[in-house]
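Scroll down for the structure; my scribbles are underneath it.
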Amino acid sequence: MLYSEKDVMDFVEQEDVKFIRLAFCDINGKQKNISIMPSELHRAFTHGISIDASAIKGFGGEINSDLFLKPIPETLNILPWRPSRGRVVKMFCNIVKSDGTAFPLDSRRLLQLAVKEASDMGLKFHFGPEFEFYLFNLDENGNPTKEPFDKAGYMDVAPEDKGENVRREICLTLESMGIQPETSHHEEGPGQNEIDFRYSDPISAADNAVHFITVVQAAAQSNGLYADFSPKPIPGECGNGMHINISVKSKDGKDKTDAFMAGVLKHIREITFILNPTDNSYLRLGEKKAPKYVTWSPENRSQLVRIPAASGEYRRMEVRSADPKANPYLAFAGLIYAGLDGIRSNLTPPEAMNVNLFTADESVTSELEKLPETLEEALEIAKNSNFVKSFLPDAFFC
């Protein structure tokens, strides 16, 4: 539902809302928020609520450190795990400087700019991320352990799968927030789970991804567990991916997936630092169905990009390298800009690699381009990339 500022003001008054959380993400995609009382809502909409940017990772130093959060009314959402009396709601915010201009490191705004550029080219996207996470037991002091909640495997059922009730709670909570989960199941790793939700426009999909992580963490905590989204929580076991499904069409309905995919493959090494932003990310790549090479194939899960078995309006591409530590706004923006270059340049994808790259002979893999093998390598590639500099401000690397 598209709310106006007046709609939000009326809702807050009529529905006994006592706290309004103004949410945003730092450059790493970690959600932050400040709570205000209803009496401050008009000021928030009109002037914004001040925050100390020097205390937010990547937002700058102590000089000129005041930034302002201006809530976006259409992102209003009730937090269903908070009390029904004295309700708590949340809105995402635009981040602006004291002179009212946009803050250049607002990652949600960077995605908005990418979407606008695509729209100006007559293109429309649907994004659908798939999240994997582990559930671990807590110790006697309530601190996370590395002891998995269960020993179940892929798509096992109860009683082996102990996460069934937690996933159900997560899905029902998401549904109450207007986020439609599609599937949920136990993944391959012990204590590992996956929940996928319905595709939507890129900005809504990124907002939902941020909501999703909060909901999972809250549900895990309420069940005496810890939800771990790190890319490689347990050595030797499956890592956590954030597979990103993308469909792209022109306004006349033509499928642009192939040219878009060609652009992604062309620039993927340059944006890997966005899709895989931690040292731990590179322990996952190349193991247990996580890609290592810059390749694609229909239906083949050993590849970087997979084209699932679907046709017509359901045809899409799946980028399999990203992990849950990625900032979804930056991840989606980077993929959009890469794909737009493919469409502008009328690129065609390289030949499909219809082999299992995890078992292929070195004579096959030695000629393939690899993803960066460390975060240091990925950052160095990005810093020297004119493509990355075209959409990320220089301050991002400071």
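The basis for the numbers below is simple: all heavy atoms, side chains too, and nothing from hydrogens, waters or symmetry mates.
- Residues satisfying the ring-ring contact (aromatic ring centres under 6.0 Å, His included) test with Y329, not counting sequence neighbours, are none.
- Remark: K232 NZ is packed, more than 12 non-hydrogen atoms of other residues, nucleotides or ligands lying under 6.0 Å away.
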Kindly list each side-chain donor-acceptor pair under 3.5 angstrom involving residues 337-344, sequence neighbours excluded, with atom names and distances?
residue: Y337; atom: OH; partner: A114; partner atom: N; Å: 3.3
residue: D341; atom: OD2; partner: K266; partner atom: NZ; Å: 3.0
residue: D341; atom: OD2; partner: H267; partner atom: NE2; Å: 2.8
residue: R344; atom: NH2; partner: E117; partner atom: OE2; Å: 2.3

Show me the donor-acceptor pairs within less than 3.5 Å that the side chains of residues 33-40 make with the rest of the protein, sequence neighbours left out.
residue: E40; atom: OE1; partner: R43; partner atom: NE; Å: 2.8
residue: E40; atom: OE1; partner: R43; partner atom: NH2; Å: 2.8

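- Under the rule for a side chain to side chain donor-acceptor pair (under 3.5 Å), the partners of T214 that lie at least two apart in sequence or sit in another chain are Q31.
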Acceptor/donor pairs from residues 347-360 side chains to any protein atom, 3.5 angstrom cut, sequence neighbours excluded:
residue: N354; atom: OD1; partner: S297; partner atom: OG; Å: 2.7
residue: N356; atom: OD1; partner: F358; partner atom: N; Å: 2.9
residue: T359; atom: OG1; partner: N356; partner atom: O; Å: 3.4

Which atom pairs, one a donor and one an acceptor, fall under 3.5 Å between side chains of residues 375-386 and the rest of the protein, sequence neighbours left out?
residue: E377; atom: OE1; partner: E373; partner atom: N; Å: 2.9
residue: E380; atom: OE2; partner: N384; partner atom: ND2; Å: 3.2
residue: N384; atom: ND2; partner: E380; partner atom: O; Å: 2.9
residue: S385; atom: OG; partner: E270; partner atom: OE2; Å: 2.6
residue: S385; atom: OG; partner: F387; partner atom: N; Å: 3.2
residue: S385; atom: OG; partner: V388; partner atom: N; Å: 3.0

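- Residues that satisfy the ring-ring contact (aromatic ring centres under 6.0 Å, His included) test with F11, not counting sequence neighbours, are absent from this structure.
- For F260, the ring-ring contact (aromatic ring centres under 6.0 Å, His included) test picks out F125, with sequence neighbours left out.
- Qualifying side chain to side chain contact (heavy atoms under 4.5 Å, CB included) partners for K251, counting only residues two or more places apart in sequence or in other chains: none.
- Remark: R320 engages E318 in a side chain to side chain donor-acceptor pair (under 3.5 Å) (not counting sequence neighbours).
- Every residue meeting the side chain to side chain contact (heavy atoms under 4.5 Å, CB included) condition with E369, not counting sequence neighbours, appears here in chain and number order: R269, V294.
- Applying the ring-ring contact (aromatic ring centres under 6.0 Å, His included) criterion to H42, with sequence neighbours excluded, gives no partner residue.
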